[in-house]
Amino acid sequence: MEKSICLLRGDGIGPEILEQGILVLKEVAARKGHTFHFMDALIGGSAIDSCGEPLPEETIAACKASDAVYLAAVGGPKWDTLAPEKRPERGLLGIRKALGLFANLRPAVLFPELAGACLLRSDIAARGLDLIVVRELTGDIYFGEPRGIEVRDGSRVGFNTMLYSEEEIRRIAVVAFETALKRRRKVCSVEKSNVLETSRLWKEMVIDVHKDYQDVELSHLYVDNAAMQLVRDPSQFDVIVTGNIFGDILSDEASVITGSLGMLPSASMGSKGPGLFEPIHGSAPDIAGKDIANPLATILSAAMMLRLGLGMPDEADMIEDAVRKTLRDGLRTPDIMEEGARRIGCSEMGQSVCERL
Ligand code: NAD
């Protein structure tokens, strides 16, 4: 197959971790007879430095013209004093919007080799953790109108609007059920329908979409209970589908309990056009340029890109297997270092994964 991939290296550790992901993709292409055409575009602080804005028009055009977008991370102290609309992180929001990415998929997997890093009690961790949060990304209280701060009866009030249309709920529910079909066929829909009308509509629509997916098991949880269940027994979950604000919080919770920020990939998908694949962590300016960053989240994001964005599931498996082998062989970057393991740097980790493909 021949595919084009737009590279957004970004800032901080971005260029060094993305480089390892690119090497892995090139190795996969060589072994499987594919051709990947890579093109670079600017985003974040590096784009601000070069052309004064975090998301140049050329970047949007390059992303739209590609089959998938592969992003590292943006941001850093150098740009922290800029006005909010000029900051590197605006580039991220902008590209998600420009590509119409309404579904954010975040797997949280506890690799047995890294069980020691898990924040949960060992008997809970032993039951395993392999779930994916499907979060709606473009609606909800973050975007609903009206919103603002105004004076009412002599004092200021702040207000936002939680809002979902039937169609927005339907399309994210479809993503969740389709995702479950490729996994353990369980979807848990998370909302707050005991209090919120938006959530009542959410639940109604998810139940309606479920009629087309009868071989997937559907359950429902209120968000407060879901937050508890995630730490009490995450092994009960396969796919969690939820709205933007609940998903924001739950996906962070789900990933942090694995204990390894440098290990977690993500995918953002729209209804058509290229998806965006990136690690969940930021640009880690504190360790940039030292060749000690963990590139595995970025490499695992490449696996998500192959599986979800480019229709190459076997190649995705290849990468995930190679990452597992690398960990099993006791190779660790400093952030996941443990007794008895061999400490290596970012580039050696990328090389080690390539060798195990
Ligand atoms: P961060 O995720 O960059 O770093 C948090 C901590 O985790 C740091 O100690 C860092 O060294 C460590 N860390 C992160 N990724 C790592 C990796 N791959 N290997 C080893 N250690 C790793 O979060 P932060 O410090 O809050 O933010 C730094 C900058 O990144 C800020 O400018 C922020 O706005 C930006 N940011 C960007 C994104 C993104 O691009 N998607 C996401 C979050 C934060």
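None of the values given here were measured: they were computed from a predicted structure.
Sorted by first and then second residue, the pairs that involve residues 189-228 and meet ring pair (Phe, Tyr, Trp, His ring centres under 6.0 Å), not counting sequence neighbours, are Tyr164-Trp202, Phe177-His210, Phe177-Tyr213.
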Please step through salt bridge (charged side-chain N to carboxylate O under 4.0 Å, His left out) for the pair Arg183 and Asp130, ending with a clear verdict.
-> CA-CA 10 Å; Arg183 297 175 47 96; Asp130 178 4; 3.3 Å; yes
Between Glu27 and Arg31, does a salt bridge (charged side-chain N to carboxylate O under 4.0 Å, His left out) hold up when you go through it step by step?
-> CA-CA 6 Å; Glu27 188 66 32; Arg31 283 169 193 256; 2.9 Å; yes
Do Val241 and Ile172 pass the side-chain contact (heavy atoms from CB on, under 4.5 Å) test, and can you show the C-alpha distance, the side-chain angles, and the key distance before you say yes or no?
-> CA-CA 8 Å; Val241 64; Ile172 193 75; 4.2 Å; yes
Stepwise, does the side-chain contact (heavy atoms from CB on, under 4.5 Å) test hold for Glu57 with Ile60?
-> CA-CA 5 Å; Glu57 277 303 320; Ile60 298 177; 4.2 Å; yes
Would you check, one step at a time, whether the test side-chain contact (heavy atoms from CB on, under 4.5 Å) holds for Ile48 with Ser46?
-> CA-CA 5 Å; Ile48 295 171; Ser46 51; over 6 Å; no
Audit row: Glu253, Val231, side-chain contact (heavy atoms from CB on, under 4.5 Å) steps and yes/no | CA-CA 9 Å; Glu253 184 191 356; Val231 285; 3.6 Å; yes
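A salt bridge links Glu19 with Arg9: at least one charged nitrogen is closer than 4.0 Å to a carboxylate oxygen. A salt bridge is defined here as a Lys NZ or Arg NE, NH1 or NH2 lying under 4.0 Å from an Asp or Glu carboxylate O, and Asp321 with Arg356 fails to meet this definition. By the 4.0 Å N-to-carboxylate-O rule, Glu320 lies close enough to Arg307 to be salt-bridged with it. Between Glu348 and Arg342 there is a salt bridge, since a side-chain N of the basic residue sits under 4.0 Å from a carboxylate O of the acidic one. Ionic pairing of Arg152 and Glu150 is present here: one or more N-O contacts between side-chain nitrogen and carboxylate oxygen are shorter than 4.0 angstrom. For the pair Asp224 and Lys192, the salt-bridge criterion is met [side-chain N within less than 4.0 Å of a carboxylate O]. We find that Lys78 and Asp11 are not joined by a salt bridge, their nearest charged nitrogen and carboxylate oxygen being 4.0 Å or further apart. A salt bridge links Glu278 with Arg96: at least one charged nitrogen is closer than 4.0 Å to a carboxylate oxygen. Remark: Glu217 does not engage Arg185 in a salt bridge, criterion side-chain N to carboxylate O under 4.0 Å. A salt bridge does not link Glu167 to Arg171: none of the charged side-chain nitrogens sits closer than 4.0 Å to a carboxylate oxygen.
Side-chain atoms of Glu191 never come within 3.5 Å of backbone atoms of Thr242 as a donor-acceptor pair (strictly under, hydrogens ignored). No donor-acceptor pair closer than 3.5 Å links the side chain of Gln20 to the backbone N or O of Ile17. Arg184 places no side-chain N or O within 3.5 Å of a backbone atom of Val239 that could act as its donor or acceptor partner. Under the 3.5 Å distance criterion, the side-chain polar atoms of Thr161 are left unmatched by any main-chain donor or acceptor of Leu163. Counting only distance, with no hydrogens or angles, the side chain of Asn244 and the backbone of Asp140 share no donor-acceptor pair below 3.5 Å. Without hydrogens or angle criteria, Asp291 side chain to Ser347 main chain gives a donor-acceptor distance under 3.5 Å. Side-chain atoms of Ser283 come within 3.5 Å of backbone atoms of Gly75 as a donor-acceptor pair (strictly under, hydrogens ignored). A donor-acceptor pair under 3.5 Å is formed between the side chain of Thr326 and the backbone N or O of Ala322. Although no hydrogens or angles enter the test, the distance criterion places no donor-acceptor pair under 3.5 Å between the side chain of Asn104 and the main chain of Leu137. With Arg135 contributing its side chain and Ile245 its backbone, the two residues share no donor-acceptor pair below 3.5 Å.
Closest approach of Val74 to Pro88, counting heavy atoms only: CG2-O, 3.8 Å. Ala303 and Ala316 get closest at one heavy-atom pair: O-CB, 3.2 Å. Counting all heavy atoms, side chain and backbone alike, Gly350 lies closest to Pro295 at N-CG, 4.2 Å. The two residues Arg332 and Ala341 have their closest heavy-atom pair at CG-CB, 3.5 Å. Heavy atoms only, all atoms of each residue included: Leu120 and Leu230 are closest at CD1-O, 4.4 Å. Here the closest non-hydrogen pair linking Met39 and Ser66 is CE-CB, 3.4 Å.
Side-chain contact between Ser352 and Ile344 is present, with at least one heavy-atom pair separated by less than 4.5 Å. In this structure, Ile299 and Val323 have side chains that are in contact, with non-hydrogen atoms separated by less than 4.5 Å. Using a 4.5 Å heavy-atom threshold, the side chains of Met1 and Met312 count as touching. Considering only heavy atoms from C-beta on, Leu71 comes within 4.5 Å of Ile43 through its side chain.
To the nearest 0.5 angstrom, Leu306 atom CG is 5.5 Å from Leu25 atom CG. Between the CG atom of Leu18 and the CG atom of Leu7 there is a distance of 5.5 Å, given to the nearest 0.5 Å. We find the CD-CE distance between Glu166 and Met205 to be 4.5 Å, quoted to the nearest 0.5 Å. Note that OH of Tyr142 is 11.5 Å distant from CG of Leu93, once rounded to the nearest 0.5 Å. Of the inter-residue distances, the one linking Glu113 atom CD with Met263 atom CE reads 8.5 Å to the nearest 0.5 angstrom. Note that OG1 of Thr298 and CE of Met349 are 12.0 Å apart. Values are rounded to the nearest 0.5 Å.
Residues Glu2 and His37 bring a donor and an acceptor atom of their side chains to less than 3.5 Å of each other. The closest side-chain donor-acceptor pair between Gln229 and Asp233, if any, does not fall under 3.5 angstrom.
Taking the ring axis of Phe111 as reference, the NZ or CZ atom of Arg324 does not stay both within 45° of it and closer than 6.0 Å to the ring centre.
The side chain to side chain contact (heavy atoms under 4.5 Å, CB included) with Phe237 is formed by just one residue from the set Leu129, Val133, Leu221; it is Leu221.
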